[in-house]
Each structure stands twice: as structure tokens, then as C-alpha cells.
Amino acid sequence: KSEYDLLVIGGGSGGLACAKEAAQFGRKVAVLDYVEPSPQGTQWGLGGTCVNVGCIPKKLMHQAALLGSALKDAQHYGWNISQPVQHTWSVMAQAVQNYVKSLNWGHRVQLQDKKVKYFNIKGSFSDPHTIRGLTKAGKEIVITAEKIVIATGGRPKYPTHIAGALEYGITSDDLFWLKESPGKTDLYHSFVLYVSLECAGFLTGIGLDTTVMIRSIPLRGFDQQMSSLVAEHMESYGTKFLKKCIPTKVEKLESNKLQVTWKNTDLGTEESDSFDTVMWAVGRVPDTKTLNLETVGVKTNPETGKIIVDASEATSVPHIYAIGDITEGRPELTPTAIAAGKLLARRLFGQASELMDYDNVPTTVFTPLEYGCVGLSEEKAVQCYGSDNIEVFHAYYKPLEFTVAERDATQCYIKMVCLREREQRILGLHFIGPNAGEVIQGFALGIKCGATYRQLMKTIGIHPTCAEEITKLHITKRSGLDATVTGC
Amino acid sequence: QEAAKYDKKVMVLDFVTPTPLGTSWGLGGTCVNVGCIPKKLMHQAALLGQALQDARKFGWQFTEEVKHNWMTMTESVQNYIGSLNWGYRVALREKKVTYENAYGEFVGPHTVKVLHTCFLAKRFLIATGERPRYLGIPGDKEYCISSDDLFSLPYCPGKTLVVGASYVALECAGFLAGLGLDVTVMVRSILLRGFDQDIANKIGEYMEEHGINFIKQFVPIKIEEGTPGRLKVTAQSTVGNEIIEGEYNTVLLAIGRDACTRKIGLDKVGVKINEKTGKIPVNDEEQTNVPYIYAIGDILQDKLELTPVAIQAGRLLVRRLYGGATSKCDYVNVPTTVFTPLEYGACGYSEERAVEEFGEENIEVYHSYFWPLEWTVPSRDNNKCYAKIICNIKDNERVIGFHVLGPNAGEVTQGFAAAIKCGMTKEQLDGTIGIHPVCAE
């Protein structure tokens, strides 16, 4: 007989949610969490990526950058601040790190309150129901469980084929824990990833000289028109972009700066420059190597390394499940991991049958000018339905607060993709502007309820806000008319 | 503007009777000149003051004491409003709508007199809106200002007494305090009448905690000159005989608004108005009792006093009259936001009204306090932000009321209003994934 009803491997967003939910049903639950130090030696506490090296510190540093803009705006609104204003990295980093630590603490207390046993060990399968691991002190712990949930998430990839990448570069794992300012930073961003644009955005915002090197396109997987607008804004905001460039090597100079050499694939030339920090944001890989999954027969995707699961989060082994960033074909988002974890616990121990719905999951990219979206991109919609069968409504607008602040609103843009037939069901909604996440959330709910263009038009706007512009969309791309909003 | 699209010959009369202090403004109405627009901009100025404080905690360094300059702000705001006035005039001209900046009144059937000329029209639309009410006590018109004057005041209001408990009163008190001024609010009875009272009280509490003084259950009975540069206000308790006195640089009246319907000759054409309130009753197609005369906006009886509602009603009315459309303005579940220091967004029923209409046992209220991530680092106001939804148990737990108290409340509420329009239920809400990390989630 197993010692635990449920063992969760990974104390991140998904793992903790699943464990706590299972404990509510009176089950004996244990959570394993372990952070392998980054190549640069960075480590952190309980809570996973989101809390320690993801959403939370990212949003806080994004806020620091936004406040920098607010300081500039404030002058126009009558506040007497002498420019230029300086930013001190260590004050911000300390404050952010302290808050994150309070969350680590909070999670430990919660586990205790809910009577979930917590092990700070790195576990691996020795048989389908047994996990072995070593504590920091070197003691071996053996845990057996009826059901096991793998939620070990992912870690940033290093482009190890580039000389010097591992020794001299950092990743998002390290950025948020730096004690000293990263100075002049070069972020290499190859494909995917909003991670590098967000980081580049706030680094620029706090006054650092920041360059983003891109191999092909920014924000792959997102609506490309919106992605270009986001990148365009960042360029006008001060972030430098090196497009169609691939780094070839990183070397350390006598001054301790880093010399990066790259190839410009468009021009066929080789260039180089020196930076204080080089950050890699080339994708994340699942943390499964040391789990020993082959021993127990849990199948993974050979290309991505991610665990293959079915609609009920079950792996190829009946009593072993997986949730969160580690699973194949799922969005890498905290709220989906949490929801999946909770529903799984309810199905396993609460006699529920509800499966996780991964459709129409809203998300937001927290670049200096934020981009929130839910549903299909325009390209995807055209692919699924054909351009004749969709109608795209759009508008360029100017947030009221930008007027007095004399801020450029060129990239403030909204796009709604609908089916063209009678009811005009909304397939996708895209919004670039301040507080994009706040704007999109409620509309995501509407789309879950099957919202149509008609229903949206019957909704009265709240004035004056940016969100109301969505209820006023009426110019279609098809008409070719100017989509700039005029008037009050 | 909508009517002109149907090639109709249209004329717009707009005239602003100066305030007792002589303030006037251009084309665009209340929202543009003395309402939503300047209010939100000054609210933004106040929010930026708070942002300055937060910025230090996020690593920004600048001089210790930061002061606010009223004139710089007001000039910027007025310049922007001027551009809107201009924009409207250009738009009317481009759409070939005749515009007269003059006072018009009905003198007979189908006839309006403007200065010395009479104009005949097939149809009329009354959209004259409202103006702030005065107390009717000694010194009120002589010494007090209203929101009509505040947004273009050519001097800093200084130590201010705001009389009233409307959203206008609280929003103005809120941003004035946020700019660093000494603000007191004198309230006769409850805050934000008509709004969810649980939330109204939270708003008041937050304002008090942030340095705004409240004098409750008192009404001013006399305003006169006090020590040089100040006004002396005498007030009486509404629950006893107590009389109090106070001195302020500025007294701002925000006790309500009166419809501009009494002096435009409505009696000459037989349009019925509510004698007490001055408001005009209309049917669900915005038609008054006189078939060729319509009315929209703030002057309507039993309708909401909101810009987007007025705009929607106006457009749909014209489409029905000239475009063969049948859609009527949907006044149900209209979302709104109060831009107090802690913003409040709402759509649908307040808790009291839901209990009244459906019975306490038939509604379920889900609620939560939350702490915006951005407030953690500056250690601000933990456990003040609040959200609640009211569900109708008998109707599949359909969400009939949505309330959120927190930053960017308007941005948050808009989408939920759309979802409510689609008839969202609690189950659908639960099935929607949140965006992380934001307040709306």
C-alpha cells in the first residue's frame, strides 16, 4: 500500500493548485519541489516559475518601467519633477525579490495549513509508484503514492552551439535575481517568445541601453500584425532591434564586458559589439531529464521532450498524470496550469468529470505597450475559415490619458475577427494599449458565452476608457476605410 | 451627424448660459467641457501623484518634495478640450450640418426662434442636458463654484469644501485631494445614492483613510466672506440643532443637476415635462407626447445620465427615423464607472436592488478582496480592493450584477458588461481562464 494518495512532483502553479485541491478532499498528499541552480548559480524557493522567475517579477519590473513613463507624463499634468530622473536597479530588485520571498513563505504556510507534506528534494522514478530523492543534507528519501502528478515545468534553453553562450550568458532565471544592474544588455531572441520582448521592454524603460537580436519574426504564434505593432512601438520607445541576425560567439573582454559577434543573414555580413550582459531567450525546455520517465514508461514527444497527455491529463501510464508547462500541446500559462490542476484533483478524488477546456484562453504580453488577446489570430482564422468567410473589424484609437501627456498612440490598435455569416460570432479579439490584460479579461468571458458582433454592439461603452472602443468597432478591413477613431 | 448621413437637412443649436461666476465653454456639451473628459484628466493627474510615490519604491530617484501646479494642469486640459470643440465644429461643417451658437426656443408648432429668426423643421430633437443645482441659501450663487467652473478655474482652489455626496462630489473631492489640497466633503445623508451602498461605503472609507475629511449629516445654511481670501460656511445638523462653522478658500457645490427644459418654450408646443424634476418622459423610441418632438440624453425621465447612452440613443433614433431600422436603445445592463481615488465599475443590479427584486434567498453573492500586484512593492492598501458578482439562483445562476472596486475599474468592467449582455452564468465565469497577473482575473 502506498504511503500517499497523491504525490505531486513540482511545486509550481499547477502542482501546488492540484495538491491543495486534493488535500481538500481529505487525501494524504505530498509535494516535491526542487530548483536546480541555473548555470550562473541562481536559485529560488517554493512556487515555481511564475512566482520566482516568471509572471510576478516580470510584471513588477514592467510596472517599474511604466512608472518611469508616468514620471514623464506627470510633468504635463502639473507635477514639478526635475528631469532626468535616475533609476537604481538594486532598490527595485531588492523590493521585487523580497516580495517573491514572501510568496515562497506564503506557499509553505498554505501547504502546512492544508496538511500537504512538502519535500525539498529532487526526485526521480524508481518504479511506477515510487520516487526516490536526496535531501540537501544528502539523506535519501523514498516516497510511494497511489497517483502521481508530474508538474515540473520548464527551464530556459541555452544555445550551447554558440561559443561562450553558457559561460557568459544569463537567462530570465537569472535576470530577476541580479543584485547589480545588467547595464548595457543584449537579448538574443530567436523565435517564439514574448519573454525577451517583455524583458527588453522593461530594461529599456528603466533607462538601460537594450538591444534585441532576432533571427526571424517577433512573437511567433501570436497574430503577426499585432506583433509587428508591438515591436514597432518598442523601437520608437528606444529598444534597439537587430533583425535577421544570429549570434555566432560570445567572448569576455579584459574590461569584463562581453563581446558578441553575429551574422546578419540579410546582408551576409558579420558584426560585433560589446555589452555588459547577454541574455538568452530562445525557448524553454521541459524539466524531465532527471525524472527517469523511460523507466516507468511515460511517453514524451521526442522533439520537444514534453510529456504526452490526453484530455484528462493522463500520461501513457494510467495512474501518472501531467499538467502545466511540461505537457505537450498545452499553453504555457499559469492560469491554465492552475485550472487543469484543480480539475484533475476533482476528477481523481471528488467524483467530478469536468475536463479542462483549453479553447479561447486569453493572454497578455506585457511589453511597454501591452498586447492582450483571446481566440484566433487573423491568420489562423483565415486558415480555418477562408478570408471570404471572416470579417475583421478594427480601429486605431488614442487613450485619453495620452493626450495631455503628448504621448504617441500610433500603435494603439484594436482588431476583432468574426465569422461573416449572420450572427457574426467573435473568433478572436486583439487589443494593444495600456492595461491590455484588464481590458481583455471580461471580453474573454463574453467569448466563452459565444458572444457575437451584434451583442457587442448592443453593449454600451463606459466613458472615457480604452475598452469602450471595442464596443464601438464598426470599420472593417474589407471596406478599406480609414480606421482611425475620431471624436470625443 | 448621423442624420446628415441620410442626406437630411439638419441644424444644431448649441448655447451655453454662463455660470453665476461667468464661466462658459464651446461646442460639445457637458461631457467634453465640464464632465467626463476634464474629470478623467484631472483624476489622471491625481493618480500620477500617487504613481510618483510608488515610483520611489520601484527604484526611481528624484527630489524629495514634489509639488503640483494647478495652472499647468488646467491649461493642458483646457487646450485639449479646445481641440475637441474645434473638432466638432469641423465635423459638423464637413457633414453639412448647420450650426448656430445661439439660444433657441419653441414659439409655436414646428417653429423655433433663434435670435430674431424663426426656423421651421419637420422634426425636433431636444438634447439640452442639465446644469448644476444651487442650494438656494444666502451666498450660494455669489461665492460658490460648481463643476461648471472647476475645470477651468484660473487659480488653484486651495482648501476646498465639497458639498454633496454624488459621484460628481466624490470624484472632484478625490482628485483635488490627490493633487495635494486640503479637502472636506459635507454630506447630508448617504453617499452615492442609487449605487450599491456596500461599495459606496467602501469608497468613502478609502477616501477618509487617504486624508479627505467628511462632515456627515450636515447641510450648509449660509455662505459669506470670512477672513480675507476665505469663505465662511455655516452648516446645520440634519439630526439635531447643532450649528457648525468652517472657513475654506473654495466651496464647490455638487448636490445634483437640473434639466434645461424650463425656458425653451416647451409649453408653447405642448411637450409635457415632469414639473418637479424638469425631466421629459419619453416612450421606448425617445418620442415625447408630441409626435414630431423627440428627446435624448440627461433630460430624459427615468433614464441614465451617461454620454455613451445618449450617443447610442441618438444614433439609433436617427436610424429608425431615416434608415428604416428598428433597433431601440437597450437601457438594460448599462455599465458605468465612478472615477473616485479607488475606482468603482458596475453593471447590472446593486445588491440591495437584487434582494428587493428577487428575494434574498434567490440570489447568491460571490465576493473577494484582492491586492493588485502593483501595490505590493509600495506596500499600499492591502485588502481594500473588492469585487462581487450577484447571481440569480433560479435562472441558472445567471450573473445579474457585477461590481469591482480597484484600479482601472472601467477597463475591467467593460468586457464583463459585454459578457452580461450575452447572459453569462456563474458556471461560464468559472470556466473562463484568467489572465495572469491582472486584477480582472
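Chain A is the first sequence line, chain B the second, and so forth, proteins listed ahead of strands; every chain is numbered from 1.
Of the listed residues B:N69, B:T72, B:I433, the one with more heavy-atom pairs under 4.5 angstrom with chain A than any other is B:I433. Highest contact tally toward chain B, considering only A:D357, A:T452, A:L400, A:L343, is held by A:L400 [criterion: heavy-atom pairs under 4.5 Å]. Of the listed residues A:V91, A:V374, A:I470, A:L67, the one with more heavy-atom pairs under 4.5 angstrom with chain B than any other is A:L67. Interface check for chain A: of the options B:L373, B:V66, B:D330, the most heavy-atom pairs under 4.5 Å are formed by B:L373. Your options are B:A417, B:G410, B:P335, B:P378, and the one with the most heavy-atom pairs under 4.5 Å with chain A is B:P335. For the options B:A419, B:S83, B:G415, B:G87, heavy-atom pairs under 4.5 Å to chain A are most numerous at B:G415. Contact count versus chain A (heavy atoms, under 4.5 Å) is highest, among B:L41, B:I435, B:T63, for B:I435.
Side-chain atoms of A:N104 and A:N52 include a donor-acceptor pair closer than 3.5 Å.
Electrostatic pairing of B:K303 and B:D298 does not count as a salt bridge here, judged by no charged N lying under 4.0 Å from a carboxylate O. A:R346 and A:E21 are joined by a salt bridge, as a carboxylate oxygen and a charged side-chain nitrogen come within less than 4.0 angstrom of each other. Between A:R330 and A:E332 there is no salt bridge, since no side-chain N of the basic residue sits under 4.0 Å from a carboxylate O of the acidic one.
B:F175 and B:F151 have tilted rings, their planes meeting at an angle from 30° to 60° on a 0 to 90° scale.
Within the cation-pi definition used here (under 6.0 Å to the ring centroid, within 45° of the axis), A:K58 does not qualify as a partner of A:F366. Judged by the 6.0 Å distance and 45° axis criteria, B:R56 is positioned over the aromatic ring of B:F62.
With a 4.5 Å cut-off on non-hydrogen atoms, A:L445 touches chain B through its backbone and its side chain both. Proximity to chain B is absent for every atom of A:Q94, based on heavy atoms less than 4.5 angstrom apart. Residue A:S90: no heavy atom, backbone or side chain, is found under 4.5 Å from chain B. For B:T336, the part lying near chain A is the backbone, with the side chain staying farther off; criterion is any non-hydrogen pair under 4.5 Å. Looking at A:I338, there are no atoms closer than 4.5 Å to chain B (heavy atoms on both sides), in backbone or side chain. Within the 4.5 angstrom heavy-atom criterion, only side-chain atoms of A:M356, from C-beta onward, approach chain B. For A:I447, no part sits under 4.5 Å from any heavy atom of chain B, backbone or side chain. Contact of B:I420 with chain A is not made at all, since no heavy-atom distance falls under 4.5 Å. Both the backbone and the side chain of B:T413 come within contact range of chain A, each with at least one heavy atom under 4.5 Å from a heavy atom of that chain. Proximity to chain A is absent for every atom of B:A91, based on heavy atoms less than 4.5 angstrom apart. In this structure, the portions of A:I206 lying under 4.5 Å from any heavy atom of chain B include both its backbone and its side chain. For B:Q428, the parts lying near chain A are the backbone and the side chain together; criterion is any non-hydrogen pair under 4.5 Å. Only the backbone of B:K57 comes within less than 4.5 Å of a heavy atom of chain A; no side-chain atom from C-beta onward does. For chain B, the nearby parts of A:A70 are the backbone and the side chain; heavy atoms of each come within less than 4.5 Å.
Around atom NZ of A:K398, more than 12 heavy atoms belonging to other residues, nucleotides or ligands sit under 6.0 Å away.
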Go through it in stages, so that I can follow the logic: the residues are B:Y80 and A:F402, the test is ring pair (Phe, Tyr, Trp, His ring centres under 6.0 Å), and I'd like the CA-CA distance, side-chain angles, deciding distance and then a yes or no.
CA-CA 11 Å; B:Y80 177 63; A:F402 280 32; over 10 Å; no

Applying side-chain contact (heavy atoms from CB on, under 4.5 Å), run through B:E397 and B:Y366 and close with a yes or a no.
CA-CA 11 Å; B:E397 272 209 308; B:Y366 295 90; 2.6 Å; yes

Passes side-chain contact (heavy atoms from CB on, under 4.5 Å), A:F176 versus A:V96? Steps please.
CA-CA 8 Å; A:F176 301 113; A:V96 170; 5.7 Å; no

Which is it for A:Y453 and A:F393 under the ring pair (Phe, Tyr, Trp, His ring centres under 6.0 Å) test, yes or no, and what are the steps along the way?
CA-CA 9 Å; A:Y453 175 71; A:F393 296 91; 3.9 Å; yes

